[in-house]
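A short write-up of the structure that comes next.
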Amino acid sequence: MHLSSLFSVSTLPAVLLAASLFANTVHAQDRTTEQGEAQISGNVQGTHECTAYYYAPVGAARYNYPPVWTVATILSNDTAGQAKYNNISSGIPNIAPKGTQPQSETGNFTGFNYSSSDPDCWWTYHQCTTPKYSGLQPDVAGVPEASGYPGTLGYGFDDGPNCSHNAFYDYLSQQNQKATMFYIGSNVMDWPLEAQRGLADGHDICVHTWSHKYMTSLTNEEAFAELYYGTSIQLVVGVTPTCWRPPFGDVDDRIRWIANALGLRTIIWQYDSNDWKVGIGNVTEATVNANYQALIQRMQNGTFATSGTIMLTHELNNYTMSEAISFYPQLKAAFNHIVPIGVCLNTTQPYVQPSPILPDFEQYISGTTTLTGSAPSATGGQGTSSGSSTSKTGAAKSRLANALTVDGAGGLVGAAMFVGGLLRTMM
């Protein structure tokens, strides 16, 4: 379809008017700062929160990252990425990708023959979490710290940042509850201010790849790029995570090795709420309710008397976040402690950068859910504590302040991008 068939001299003013209205709306709602974005409330469909906006650092870096929601590859202009891949590529285990693309990218492994001995510790095949390739750490699936504190739930959510998460994050703040947020790189680029709120609210941020594909289906370079560009979180938020979760849990020793080479520890789960599967097959809302109740029942019947656990839940959409809010009081009443997964591991320095830091397990369950300052240095410097959920940590604010903000022309540029996007969808 040609543009001439859509727009004429008579219709162009309407397009410009739409752009002007879009720009005015953006400015009126303050779509330029994390604080302003956090104040926007939308209806159940996220009409207001989920209106696209322009963010200068992302706009300026668009050609330094792959197209969003496509399988990542190393860009030709990314000499640093190419050098990093070349430096590690010779050590990647000689394990072939699983299945045949493109169907395998979405989990269709039909026709793929795999040994019943599970030589690659392929989680999708048999939920293997103890690597068979030498030198790799076991996946984090439970809560090791719970050996001293039984009845602990490692709390986290996949697939964020969601554009309509303000009500959910507000609720977590009201409960002084922190969680581990597994952010998809493409979502971070689409909703950067929402990603910034995750850090500003004191949550533990981890990588959930660039485009959320089945990782074992990808080539070595694609798998590397999915994780390498998945740390686009750093562009937006100012920190580089040291943890990741494979989409759908799909990981084997080849993918673990690549993640480890990038400084990322693999986190899985023991129980699945299946909140993400509602409407798929026979999974209904009643199924998810039953899964939550089953986890609570296990806690009550002594299953976690000497250990803790992790349940898979999502920031995927309004339903999954509402379900988390609905069941939080019951989880809190049943479990002895609900803490971010990083806190479960006593990972007080969760990012490559020395700040912000996390409290250790003992500090968190004593009420210190956030810390300001940096990780201890050679001189012994330490952070200070806070039990408040209403103020942003100083370190997080400092990181956000270092990210560029939209200048006065941001709204106009955003309007131009909005119109450009509209035109592309019509072509």
Side-chain angles (χ1 to χ4, degrees), residues 72 123 129 137-145 153-162 165 169 172 177-189 191-192 194-213 215 223 226-251 255-256 258-270 276 310-316 320 324 338-353 355-359 361 364 370 375 396 399:
W123 191 92
T129 58
Q137 283 185 304
D139 303 337
V140 176
V143 180
E145 182 63 24
L153 177 63
Y155 205 47
F157 297 88
D158 286 18
D159 295 353
N162 186 282
H165 73 191
Y169 279 35
L172 293 176
Q177 179 65 60
K178 312 303 179 187
T180 298
M181 303 299 185
F182 297 91
Y183 282 170
I184 302 171
S186 291
N187 264 343
V188 171
M189 302 297 268
W191 308 108
E194 283 71 15
Q196 289 185 2
R197 179 170 184 181
L199 186 75
D201 280 9
H203 297 300
D204 174 27
I205 311 299
C206 294
V207 173
H208 201 38
T209 75
W210 175 256
S211 67
H212 203 269
K213 299 297 190 294
M215 288 291 284
E226 281 284 318
L227 293 170
Y228 177 74
Y229 293 115
T231 58
S232 60
I233 294 167
Q234 195 277 333
L235 166 71
V236 170
V237 181
V239 297
T240 306
T242 58
C243 49
W244 83 295
R245 174 175 278 170
F248 313 101
D250 187 54
V251 67
I255 303 302
R256 290 184 184 93
I258 294 171
N260 183 68
L262 288 170
L264 297 170
R265 187 169 187 182
T266 303
I267 298 174
I268 306 288
W269 59 88
Q270 289 177 326
W276 63 280
I310 297 172
M311 186 178 193
L312 178 65
T313 49
H314 292 78
E315 186 187 329
L316 178 63
T320 63
I338 301 179
V339 305
I341 298 169
V343 171
C344 294
L345 302 173
N346 274 320
T347 305
T348 55
Q349 186 179 343
Y351 309 109
V352 172
Q353 296 78 13
S355 66
I357 54 179
L358 290 178
F361 193 92
Y364 190 95
T370 60
R399 287 289 171 192

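From a predicted model like this one, the values you see are computed outputs, not experimental measurements.
- For the atom pair SG (C243) and CG (L264), the distance works out to 7.5 Å, reported to the nearest 0.5 Å.
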* **Full working for ring-ring contact (aromatic ring centres under 6.0 Å, His included) between Y169 and H203** => CA-CA 10 Å; Y169 279 35; H203 297 300; 5.3 Å; yes
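- The shortest distance between side-chain heavy atoms of L345 and R265 falls below 4.5 Å.
- Side-chain atoms of R245 and I268, non-hydrogen and from C-beta on, never get closer than 4.5 Å to each other.
- Between the OG1 atom in T129 and the CH2 atom in W123 there is a gap of 10.0 Å [rounded to 0.5 Å].
- Side-chain atoms of K178 and Y155, non-hydrogen and from C-beta on, never get closer than 4.5 Å to each other.
- Defined by atom type and a distance below 3.5 Å, a donor-acceptor pair is present between the side-chain atoms of W244 and T266.
- Two residues are said to be in side-chain contact when any heavy atoms from C-beta on lie closer than 4.5 Å; W191 and R197 fail this criterion.
- Counting only heavy atoms from C-beta outward, the side chains of V140 and I310 approach each other to under 4.5 Å.
- Between W210 and Y229, the ring-plane angle classifies as perpendicular under the 30° and 60° cut-offs.
- Residues L316 and N162 have side chains not in contact (no heavy-atom distance under 4.5 Å, counting atoms from C-beta outward).
- Of the N and O atoms on the side chains of D204 and T180, at least one donor lies less than 3.5 Å from an acceptor on the other residue.
- Tested against Y183, the residues D158, V207, I205 include a single side chain to side chain contact (heavy atoms under 4.5 Å, CB included) partner, I205.
- Counting heavy atoms from C-beta on, the side chains of D159 and E315 never come closer than 4.5 Å.
- In this structure, the side chains of M311 and W269 stay at 4.5 Å or more apart for every pair of heavy atoms.
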